[in-house]
Amino acid sequence: MRKIVINGGRSLAGKVTVSGAKNSVVALIPAIILADGIVTLDGVPAISDVDSLIDIMETMGAKVRRTGDSLEIDPRGVKDMPMPFGKINSLRASYYFYGSLLGRYGQAIVGLPGGCDLGPRPIDLHIKAFEAMGASMTYEGSNMHLVANEKKMHGAHIFMDTVSVGATINTMFAAVKAKGRTVIENAAREPEIIDVATLLNNMGAHVRGAGTDVITIDGVEQLHGTRHQVIPDRIEAGTYIALAAAVGQGIQIDNVLYEHLESYIAKLEEMGVRMTISEDSIFVEKQDRLKAVSVKTSPYPGLATDLQQPLTPLLLMAEGSGRIIDTIYEKRVGHVAELARMGAHITTRSNYIAYTGPNKLTGAVVKATDLRGGAAMVIAGLMAEGQTEITNIEFILRGYSNIIEKLRELGADIQLMED
Ligand code: EPZ
């Protein structure tokens with residue numbers, strides 16, 4: 001078992017560069033199945049979710065070449081076959097194979113996705129959209145069998161009951177080669193949706209309105225190869241901003257698009273965090289006193305649920321009391337008990353987290369309960385006096401590219417150790 005060991009209480013300084021967005025790339029890779037040519041992605045993060053997707057693509061027959069942060073995929077040899085369950089349920093984003101296989105072959109035999117335990121994570125909206133576009137679903141053992149009734153998907157008018165990133169992207173995948181027009185209303189507006197639509201359009205698709213709540217897709221016969229730069233990871237950027245405000249003596253974060261983080265930055269400013277924002281970087285100053293604030297997550301452009309947990313250790317440094325309400329995943333609270341173990345005054349109530357500060361954290365043996373909860377423990381470990389050991393770190397490595405190396409560059413005393 002691997003663990004991260006941090007000797008906390010040090011001040012960090014310097015520069016850190018944000019990698020390509022995890023939640024984009026995990027959709028961009030399955031999207032490539034829809035192309036009849038080679039697609040190259042640049043700016044691919046070094047995370048284990050990418051390794052898992054490459055493994056699945058190769059198992060299906062794609063030829064994959066990785067050079068530095070570029071990934072070249074030739075999907076022309078991909079076969080329409082049942083996906084090996086152990087690989088599919090190793091990550092959440094494997095649900096994107098439903099849409100891309102349906103779009104390419106008119107059928108998909110895929111197991112249920114895995115991913116972080118954030119409470120219930122249904123996929124009913126994905127299935128409803130596929131059914132509206134002419135597919136039927138049955139279960140075969142642990143696999144879901146989706147088949148287009150007329151061999152090919154057809155366009156449909158779909159209203160999403162809830163704003164869903166995954167269901168919006170999956171519907172786009174099923175629609176780009178479908179017969180006729182698909183309209184998605186109440187679509188998710190996250191930057192990752194725009195990134196995926198950009199790739200699809202550069203492959204020859206007709207997707208309009210990505211980034212608004214109505215997306216229109218006119219199906220085309222064929223898609224071709226292209227080259228695409230993955231957008232910067234706004235969640236990784238937000239994590240380093242919180243970390244810099246908590247333990248930094250002046251840290252510059254490069255490859256950040258401020259427009260993707262407006263609500264988060266506004267919340268940090270409300271706390272009193274001092275930052276200088278430039279075109280594609282943010283400089284976070286050493287902080288003095290911070291003010292406790294309340295936080296509520298919501299779909300983009302609201303404050304991202306994925307930043308709620310990395311922000312929590314910083315909130316614990318602030319003076320006063322506040323609450324955190326996650327309207328996307330009410331049960332995304334795994335980090336709370338772990339932070340309390342380090343001496344924080346933080347509890348979960350019925351549907352929110354309550355905290356009072358300022359807190360002085362003490363090193364402890366804690367676990368990463370999920371990806372972003374793990375990032376919260378890394379920040380807490382850097383803030384704490386003494387040594388912190390974080391277990392279950394596989395979660396962290398799923399989504400943070402070269403995190404140990406990046407933190408060491410900033411002066412952190414952090415190591416990855418085998419037990
Ligand atoms: C994506 O998950 C991200 N994952 C998550 O990032 C992120 O937390 C989430 O979007 C919200 O922003 C990937 O991109 C791979 P949703 P997704 O469908 O698409 C409900 C991280 O830490 N819902 O937008 O699965 C759902 O329960 C991760 O990087 C339904 O009810 O999330 C939730 O309350 C974890 N039925 C809300 O919608 C459905 O069929 C939004 O979920 C689908 C979703």
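Both counts, for ligands and for their atoms, begin at 1 and track the order of listing.
- When the options L371, T162, D233 are ranked by their closest heavy atom to atom 38 (O) of ligand 1, first place goes to T162.
- Residue V26 has no nitrogen or oxygen atom sitting less than 3.5 Å from a nitrogen or oxygen atom of ligand 1, judged on distance alone.
- Against a heavy-atom cut-off of under 4.0 Å, T305 is close to the following atoms of ligand 1: 8 (O), 11 (C), 12 (O).
- Using a 4.0 Å cut-off between heavy atoms, K22 contacts ligand 1 through its side chain alone, with no backbone atom that close.
- Residue R332 places a heavy atom under 4.0 Å from ligand 1.
- Residue E190 has no nitrogen or oxygen atom sitting less than 3.5 Å from a nitrogen or oxygen atom of ligand 1, judged on distance alone.
- Considering backbone and side-chain N/O atoms, R372 comes within less than 3.5 Å of an N/O atom of ligand 1.
- Using a 4.0 Å cut-off to heavy atoms of G166, the atoms of ligand 1 that qualify are 18 (O), 19 (O).
- Geometrically, R189 does not engage Y300 in a cation-pi contact, judged by NZ or CZ lying under 6.0 Å from the ring centre and within 45° of the ring axis.
- Residue contact check for ligand 1: V163 places a non-hydrogen atom closer than 4.0 Å to it.
- With a heavy-atom cut-off of 4.0 Å, L125 touches ligand 1 through backbone and side chain alike.
- Distance check, rounded to the nearest 0.5 Å: CZ of R341 to CE of M377 gives 8.5 Å.
- A salt bridge is absent between D74 and R65: the closest approach of a Lys/Arg side-chain nitrogen to an acidic carboxylate oxygen does not fall below 4.0 angstrom.
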Test log, rule side chain to side chain donor-acceptor pair (under 3.5 Å), inputs D326 and Q308: CA-CA 8 Å; D326 196 325; Q308 177 260 108; 3.0 Å; yes
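- Using a 4.0 Å cut-off to heavy atoms of H126, the atoms of ligand 1 that qualify are 40 (O).
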Run the salt bridge (charged side-chain N to carboxylate O under 4.0 Å, His left out) check on R234 and E192 step by step: do they pass? CA-CA 10 Å; R234 63 196 166 99; E192 292 74 22; 2.9 Å; yes
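- Considering only non-hydrogen atoms, atom 9 (C) of ligand 1 lies nearest to Y329 out of Y329, F395, Y96, Y95.
- T216 and R181 are not linked by any side-chain donor-acceptor pair at a separation below 3.5 angstrom, with hydrogens and angles left out of the test.
- On a distance-only criterion, P122 and ligand 1 share at least one N/O pair closer than 3.5 Å.
- Checked against the 6.0 Å centroid threshold, Y98 and H126 do not count as a close aromatic pair.
- A donor atom on one side chain and an acceptor atom on the other are found under 3.5 Å apart for N149 and S136.
- Of the possible donor and acceptor atoms, one in the side chain of K152 sits under 3.5 Å from a partner among the backbone N and O of K177.
- Closest heavy-atom approach to atom 10 (O) of ligand 1 within the set V165, D326, D124: this belongs to V165.
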